[in-house]
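A short worksheet on the structure shown next.
As a basis for the values below, the full set of heavy atoms in this structure was taken, side chains included, without hydrogen atoms, waters or symmetry mates.
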Amino acid sequence: RGTIELFALADAEDLGVVLMSRLGVCTGHSSTVRQLDWSRDDVVLQSCCQAYELLYWDGASGKQVLRDERDRSWQTWSCLMGWPVMGIWPKGYDNTDINAVDRSESVE
């Protein structure tokens with residue numbers, strides 16, 4: 001619960017299989033993780049959980065990143081929390097009224 005496992009995949013063509021090696025485990029969320037997004041440079045992973053926590057992780061080790069990541073560029077944006085989605089809950093809305101977000105590839 002509240003854990004993300006990171007794996008590296010390698011194609012072993014001579015064996016006809018894909019090999020997986022565990023990079024790390026991201027632990028720190030107090031509830032079930034619901035959304036994940038990778039940074040454009042594949043260095044940082046962000047995640048949101050059912051408790052509306054937005055946490056950041058080092059993509060190579062799984063260790064929590066504690067610095068502010070609001071200026072980082074993201075490949076996708078599916079997390080319900082964060083700078084790009086501030087203000088999506090109109091007055092009178094409850095957190096559970098919005099269950100998903102998705103930013104366009106063109107960032108518009």
Side-chain angles (χ1 to χ4, degrees):
R1 181 173 185 175
T3 302
I4 303 164
E5 295 187 50
L6 299 176
F7 289 88
L9 302 178
D11 191 6
E13 291 181 24
D14 56 329
L15 300 175
V17 297
V18 174
L19 303 174
M20 291 180 18
S21 59
R22 183 188 236 172
L23 296 174
V25 179
C26 309
T27 57
H29 277 292
S30 62
S31 187
T32 304
V33 176
R34 296 193 54 192
Q35 294 98 15
L36 300 169
D37 297 295
W38 281 98
S39 62
R40 287 202 187 272
D41 58 8
D42 296 323
V43 171
V44 177
L45 176 71
Q46 70 175 1
S47 57
C48 253
C49 72
Q50 285 181 308
Y52 300 97
E53 297 168 329
L54 174 61
L55 300 180
Y56 302 103
W57 313 97
D58 179 273
S61 68
K63 293 183 179 177
Q64 190 172 359
V65 174
L66 299 176
R67 68 183 171 273
D68 183 6
E69 295 293 332
R70 71 176 165 183
D71 294 325
R72 186 173 291 276
S73 181
W74 298 93
Q75 290 181 32
T76 58
W77 196 282
S78 63
C79 288
L80 293 176
M81 308 307 286
W83 294 100
V85 293
M86 286 182 70
I88 63 173
W89 285 275
K91 186 177 180 176
Y93 273 47
D94 181 80
N95 283 354
T96 60
D97 290 333
I98 297 175
N99 297 302
V101 297
D102 187 22
R103 186 202 64 218
S104 70
E105 184 64 27
S106 64
V107 192
E108 293 179 10

Is there a side-chain contact between Trp57 and Val44, using heavy atoms and a 4.5 Å cut-off? no
Would you say the side-chain atoms of Asp102 pair up with the backbone N or O of Ser78, donor to acceptor, closer than 3.5 Å?
no
Rounded to the nearest 0.5 Å, the CZ atom of Arg34 sits from the CG atom of Asn99 at a distance of 5.5 Å
Rounded to the nearest 0.5 Å, the CG atom of Asp97 sits from the CH2 atom of Trp89 at a distance of 10.0 Å
Side chain to side chain donor-acceptor pair (under 3.5 Å) between Thr3 and His29: does it pass, once the steps are laid out? CA-CA 7 Å; Thr3 302; His29 277 292; over 6 Å; no
- prompt: Checking Gln35 side chain against Ser47 main chain: does a donor-acceptor pair fall under 3.5 Å?
  reply: no
Check: Just by modelled atom types, is the Cys79 backbone N or O under 3.5 Å from a matching donor or acceptor in the Asp37 side chain?
Finding: yes
Side-chain heavy atoms of Val101 within contact of Ile88, under 4.5 Å
yes
Is there a donor-acceptor pair closer than 3.5 Å between any side-chain N or O of Trp38 and the backbone N or O of Arg40? no
Output for pair (Glu53 CD, Met81 CE), nearest 0.5 Å, gives 10.0 Å
Value for CD1 (Ile4) from CG (Leu36), rounded to nearest 0.5 Å, stands at 5.0 Å
| query | Under 3.5 Å, is there a donor-acceptor pair between the side chain of Tyr52 and the main chain of Asn95? | reply | yes
Check your understanding: Would Val25 and Leu6 count as a side chain to side chain contact (heavy atoms under 4.5 Å, CB included) if you check the C-alpha gap in whole Å, the side-chain angles of each, and the deciding distance to 0.1 Å?
Key -> CA-CA 6 Å; Val25 179; Leu6 299 176; over 6 Å; no
Query - From CA spacing to verdict: side chain to side chain donor-acceptor pair (under 3.5 Å), Asp58, Gln64 - result: CA-CA 6 Å; Asp58 179 273; Gln64 190 172 359; over 6 Å; no
Do the rings of Tyr56 and Trp74 sit parallel, tilted or perpendicular, given the 30° and 60° boundaries? parallel
Rounded to the nearest 0.5 angstrom, the CZ-CZ distance for Arg67 and Arg72 is 6.0 Å
Residues at least two apart in sequence or cross-chain that pass side-chain hydrogen bond (donor to acceptor under 3.5 Å, both in side chains) with Asp11, listed by chain then number, are none
message: Please check if the number of heavy atoms outside Phe7 that lie under 6.0 Å from its CZ is greater than 12.
response: yes
Notebook entry, point to check: Passes side chain to side chain contact (heavy atoms under 4.5 Å, CB included), Glu69 versus Gln46? Steps please.
Noted result: CA-CA 9 Å; Glu69 295 293 332; Gln46 70 175 1; over 6 Å; no
Take Leu23 and Ser61 through the test side chain to side chain contact (heavy atoms under 4.5 Å, CB included) and record every step on the way to the result.
-> CA-CA 6 Å; Leu23 296 174; Ser61 68; over 6 Å; no
Distance col, row Gln75:CD vs Leu45:CG, nearest 0.5 angstrom, shows 10.5 Å
- [ ] Determine, step by step, whether Cys48 and Leu54 satisfy the side chain to side chain contact (heavy atoms under 4.5 Å, CB included) criterion, reporting the C-alpha distance in whole Å, the side-chain angles of both residues, the deciding distance to 0.1 Å, and the verdict.
- [x] CA-CA 5 Å; Cys48 253; Leu54 174 61; 4.1 Å; yes
